[in-house]
Chemist: 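Sharing a structure below in structure tokens format, with a few things to ask.
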Amino acid sequence: MSDSKQRPREPPAGGLGALLSTAQRLARDGAALSGARSLAHVNQPDGFDCPGCAWPEPRSPSRLEFCENGAKAVAFEATGKRAGPKFFAAHTVASLREQSDHWLEAQGRLTHPLRYDRESDTYEPVSWADAFSQIAAELDGLDDPNQAIFYTSGRTSNEAAFLYQLLGRKLGTNNFPDCSNMCHESSGVGLSESIGIAKGTITLEDFEHADAIFVIGQNPGTNHPRMLTELQAARRRGAQIVSLNPLRERALVEFAHPKSPWEMLRGRGTPISTQYLQVVVGGDLAALTGIAKAVLAAEKAAPGNVLDHEFIQNHTTGLDEYVRRVDDTSWELVERESGLLRVDLEEAARVYVEADSVIACWAMGLTQHRHAVATIQQIANLLLLRGNVGRAGAGACPVRGHSNVQGDRTVGITEQPTASFLERLGAEFSFSPPTNHGFDTVGAIEAMAEGRARLFMGMGGNFVAASPDTEYTAAALARCDLTVHVSTKLNRSHTVVGRGALILPCLGRTERDEQASGPQKVTVEDSMSVVHASRGSNDPASDQLRSEPAIVAGIGRATAKTRDIDWGELVGDYGRIRERIERVLPALFGNFNARIERPGGFYLGNSARERTWNTATGTARFIPASVPDLTLPAGQLRLMTMRSHDQFNTTIYELDDRYRGVQGSRDIVFLNEDDLRDRGLADGDLLDLESHFDDGRKRMVCKFRAMVYDIPRGCAAGYFPELNSLVAVTSFADRSRTPTSKFIPITVRASVDEPGD
Ligand SMILES: Nc1nc2c(c(=O)[nH]1)N[C@H]1C(S)=C(S)[C@@H](COP(=O)(O)OP(=O)(O)OC[C@H]3O[C@@H](n4cnc5c(=O)[nH]c(N)nc54)[C@H](O)[C@@H]3O)O[C@H]1N2
Ligand SMILES: Nc1nc2c(c(=O)[nH]1)N[C@H]1C(S)=C(S)[C@@H](COP(=O)(O)OP(=O)(O)OC[C@H]3O[C@@H](n4cnc5c(=O)[nH]c(N)nc54)[C@H](O)[C@@H]3O)O[C@H]1N2
Ligand SMILES: [Mo]
């Protein structure tokens with residue numbers, strides 16, 4: 001291990017703490033009964049898909065497993081609390097705006113469609129019919145369909161997403177920003193150029209055959225807990241696990257399986273990482289280049305024995321240029337920019353070279369940086385050097401976030417649809433879809449801020465809190481003529497109203513969805529391209545709720561430009577929506593309705609896995625990149641924003657972060673002890689944080705408590721969404737335009753006021 005400091009023994013991640021936390025959560029939410037009943041159905045063959053993360057379910061039902069954070073996601077949706085008309089009559093929107101994200105969502109499930117009344121500054125109940133006519137009137141009144149924005153969060157089912165994109169495109173716009181723009185867009189752009197597909201190339205079974213697994217910029221213990229089962233099993237059979245992360249994330253150090261009474265009682269788990277590289281924030285491009293240098297040096301020392309020459313010859317282009325660039329990068333630069341030692345990177349390279357099959361996993365620690373696309377392409381380069389794509393136990397694994405974020409893209413939620421998709425969609429529904437590119441998330445914010453967009457609709461999600469530059473984004477949204485949020489719970493975005501505002505409450509994944517033909521199921525696609533059905537069984541939180549597809553259909557029917565689609569037919573039986581998806585995307589969804597009847601669903605396939613390369617050159621491509629100089633002006637720190645163990649994105653379950661030793665607060669900034677001391681500050685001090693971008697705007701958050709943490713010097717960490725105010729909307733990744741939420745240049749200083757003032 002690169003870090004050999006002795007530290008006090010902490011319990012492993014998982015274990016008893018996970019079970020206790022779940023039980024408390026269920027009890028507190030008054031969800032003990034329906035929540036516990038729901039847990040029995042989660043991820044079961046005839047149950048509903050977990051509304052948490054996108055980690056796949058094992059194919060064999062005997063391996064279905066308990067997941068603490070999946071349980072929280074279910075309990076939170078199945079809560080007994082309700083935010084109904086009485087609640088809204090008693091709270092002005094101005095007063096709601098003063099509340100925390102945690103408080104807002106804790107009010108429970110939304111029960112009625114609501115319309116904002118400016119006079120009383122409250123939301124009042126409105127009939128579905130009136131809500132739909134109001135939206136239709138605004139849509140029909142736009143001078144240009146591109147004044148409307150249709151945002152999607154990643155919990156939306158394939159069926160709802162497909163109807164939603166149909167609605168927007170029939171209206172005449174490709175303005176489909178989504179949470180993916182803030183999430184794995186960099187992975188999609190990077191991988192498409194390198195290997196010709198925007199998705200990961202592995203399946204769950206590959207974990208059983210990998211000899212080494214790299215986990216880069218990802219915290220699975222919190223965000224993809226079921227991935228730990230795979231890592232634990234891999235480690236037990238002797239696979240090497242190399243983690244690159246500025247923080248020593250507890251679950252990547254040691255993990256006790258909540259299913260193992262033995263491990264729980266002993267309070268000891270399986271060590272996970274065989275090597276832990278505490279790279280500096282943003283230093284991964286340098287670190288990966290360093291590993292590549294050592295791999296290429298090994299090949300030079302034993303020509304023909306390290307690289308997979310046959311694969312390189314038959315499947316790739318660009319090796320020479322890439323090798324030149326790696327050779328030209330000095331170890332000195334690599335060490336300075338990664339914050340790591342050459343010997344440690346050489347050790348990681350040794351692990352890489354000695355493993356027959358290697359999987360590389362990554363998430364937001366890589367994607368939310370200025371150089372994210374180039375960094376991800378360095379992972380692809382490394383994999384290609386030894387033919388680690390398209391064979392058992394090897395490949396690229398961008399670990400997706402929301403449970404259906406990947407599926408939404410597959411069925412058309414994108415601001416840059418392909419010509420072939422549009423052509424087929426147009427043929428299927430007899431119209432000419434728009435071909436211009438629409439707004440992504442950053443583009444949508446700018447368009448609203450400048451008055452170029454006038455109607456915002458959010459299919460789930462929490463646009464204001466999830467987006468960068470919170471105050472700027474809120475002001476942009478407030479300029480709209482109408483905001484429409486399809487939601488399950490109250491959130492920050494509802495407190496920012498345009499000239500008009502509507503909240504449309506919808507069914508959640510756990511709830512029964514009845515349409516004309518009877519109870520419906522929906523489909524979702526996991527992080528490894530497996531599509532399967534999900535069927536809710538709980539009673540809906542209110543009899544007023546409608547499903548997301550039904551809400552889209554309601555708008556479609558009311559709007560002049562979209563009226564001629566037979567929405568009633570589609571929404572009466574979701575099987576008919578799936579038939580249409582199949583006809584628009586026949587290569588992926590052949591025999592769609594039949595194939596979802598199979599337990600576990602079906603695999604969409606992956607061209608790169610088949611070693612078919614849909615790139616510009618028809619080959620897999622080595623794409624060189626130079627290591628950037630990320631040195632900040634003296635005194636500035638690199639702040640990354642991340643998730644605690646008790647949240648799902650902007651939904652805050654509790655104010656704790658068990659694995660990081662935080663209780664009762666989220667206004668925390670984790671800092672290196674020496675960085676604090678240099679500034680005359682100490683653990684526990686209240687600090688003001690100011691970010692620095694060259695757009696002349698001042699961005700600050702105040703009274704964040706300093707917490708000394710094991711983090712490299714010059715780096716700092718804190719929580720999303722509290723720190724989003726510090727991220728400039730103008731700061732995003734090259735080419736993918738993903739906001740740089742993991743690299744915010746800040747200065748810190750003692751807060752002027754002390755608590756109690
Ligand atoms: N329970 C729960 N599950 C979730 C979510 C949730 O909020 N709660 N969110 C879902 C979603 S939408 C997503 S996208 C995923 C997110 O899953 P993650 O990507 O795991 O989420 P983050 O908390 O953003 O954590 C990023 C990790 O990257 C590290 N990191 C930060 N900067 C750098 C860097 O420069 N280099 C490296 N190497 N590492 C860095 C951080 O220390 C942290 O461990 O999880 C999904 N699953
Ligand atoms: N600073 C910083 N910012 C980030 C990130 C970061 O790491 N740092 N991460 C980014 C990432 S990876 C992502 S994915 C985005 C997330 O951005 P979003 O997807 O927009 O945000 P969520 O917090 O997941 O959305 C929560 C809301 O969704 C609604 N909801 C829940 N379930 C359902 C449902 O079934 N249907 C409907 N219609 N609504 C539902 C609830 O009302 C809830 O309030 O945030 C991004 N923003
Ligand atoms: Mo995400």
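Whatever order the structure lists them in is the order used to number ligands and atoms, beginning at 1.
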Chemist: Could you tell me which atoms of ligand 2, counted from 1 in the order shown, lie closer than 4.0 angstrom to a heavy atom of Tyr151?
Modeler: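 This gives 17 (O), 18 (P), 19 (O), 20 (O) as the contact atoms.
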Chemist: Given a heavy-atom cut-off of 4.0 Å, could you list the residues near ligand 1 in chain and number order?
Modeler: Cys53, Asn69, Cys183, Gly217, Gln218, Asn219, Thr222, Asn223, His224, Leu244, Asn245, Pro246, Leu247, Glu249, Val279, Val281, Gly282, Asp284, Ala363, Met364, Gly365, His369, Gly401, His402, Met640, Met642, Arg643, Gln647, Phe648, Asn649, Lys742
Chemist: Out of all atoms in ligand 2, which are within 4.0 Å of some heavy atom of Cys506? Include the element for each.
Modeler: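 Per the distance check, 36 (N), 37 (C), 38 (N).
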Chemist: I need the single residue from Arg155, Arg535, Arg509 that forms a salt bridge (Lys or Arg N to Asp or Glu O under 4.0 Å) with Asp49. Which is it?
Modeler: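 The option that passes is Arg509.
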Chemist: When you measure from the side chain of Asn69 to the backbone N and O of Thr222, does any donor-acceptor pair fall under 3.5 Å?
Modeler: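 Such a contact is found between Asn69 side chain and Thr222 backbone.
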Chemist: Under the ring pair (Phe, Tyr, Trp, His ring centres under 6.0 Å) test, which residues partner Phe150, sequence neighbours left out?
Modeler: Tyr164, Phe176
Chemist: Do Pro739 and Val442 come within less than 4.5 Å of each other through their side chains, counting heavy atoms only?
Modeler: yes
Chemist: Using side-chain heavy atoms (C-beta onward) and a distance below 4.5 Å, is Gln275 in contact with Ser243?
Modeler: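 They are not in contact (no side-chain heavy atoms under 4.5 Å apart), so the answer is no.
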Chemist: Closest approach of Glu654 and His102, non-hydrogen atoms and distance?
Modeler: CA-NE2, 4.1 Å
Chemist: Would you mind telling me if ligand 2 is within reach of the side chain of Asn491, the backbone, both or neither, using heavy atoms under 4.0 Å?
Modeler: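 The answer is the side chain.
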Chemist: What's the verdict on side-chain hydrogen bond (donor to acceptor under 3.5 Å, both in side chains) for Ser725 and Glu471, showing C-alpha distance, side-chain angles and the deciding distance?
Modeler: CA-CA 6 Å; Ser725 299; Glu471 285 70 28; 3.1 Å; yes
Chemist: Looking at Val486, which atoms of ligand 2 are within less than 4.0 Å of one of its heavy atoms?
Modeler: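 It comes down to these atoms of ligand 2: 37 (C), 38 (N), 39 (N).
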Chemist: Show which atoms of ligand 2 fall inside a sub-4.0 Å distance from at least one heavy-atom site of Gly460.
Modeler: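 Under 4.0 Å from Gly460, ligand 2 has these atoms: 37 (C), 38 (N), 39 (N).
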Chemist: Residues in ring pair (Phe, Tyr, Trp, His ring centres under 6.0 Å) with Tyr151, at least two apart?
Modeler: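 For Tyr151 the ring pair (Phe, Tyr, Trp, His ring centres under 6.0 Å) partners, ignoring immediate neighbours, are Phe463.
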Chemist: For ligand 2, note which part of Glu105 has a heavy atom under 4.0 Å away: side chain, backbone, both or neither.
Modeler: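 For Glu105, only side-chain atoms sit under 4.0 Å from ligand 2.
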Chemist: Residues two or more places apart in sequence or in another chain: which of them pass ring pair (Phe, Tyr, Trp, His ring centres under 6.0 Å) with His485?
Modeler: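 His485 satisfies ring pair (Phe, Tyr, Trp, His ring centres under 6.0 Å) with Phe456, His494 only.
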Chemist: May I ask you to list the atoms of ligand 2 that are less than 4.0 angstrom from any heavy atom of Glu548?
Modeler: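 Heavy-atom distances to Glu548 below 4.0 Å select 34 (C), 36 (N), 37 (C), 38 (N).
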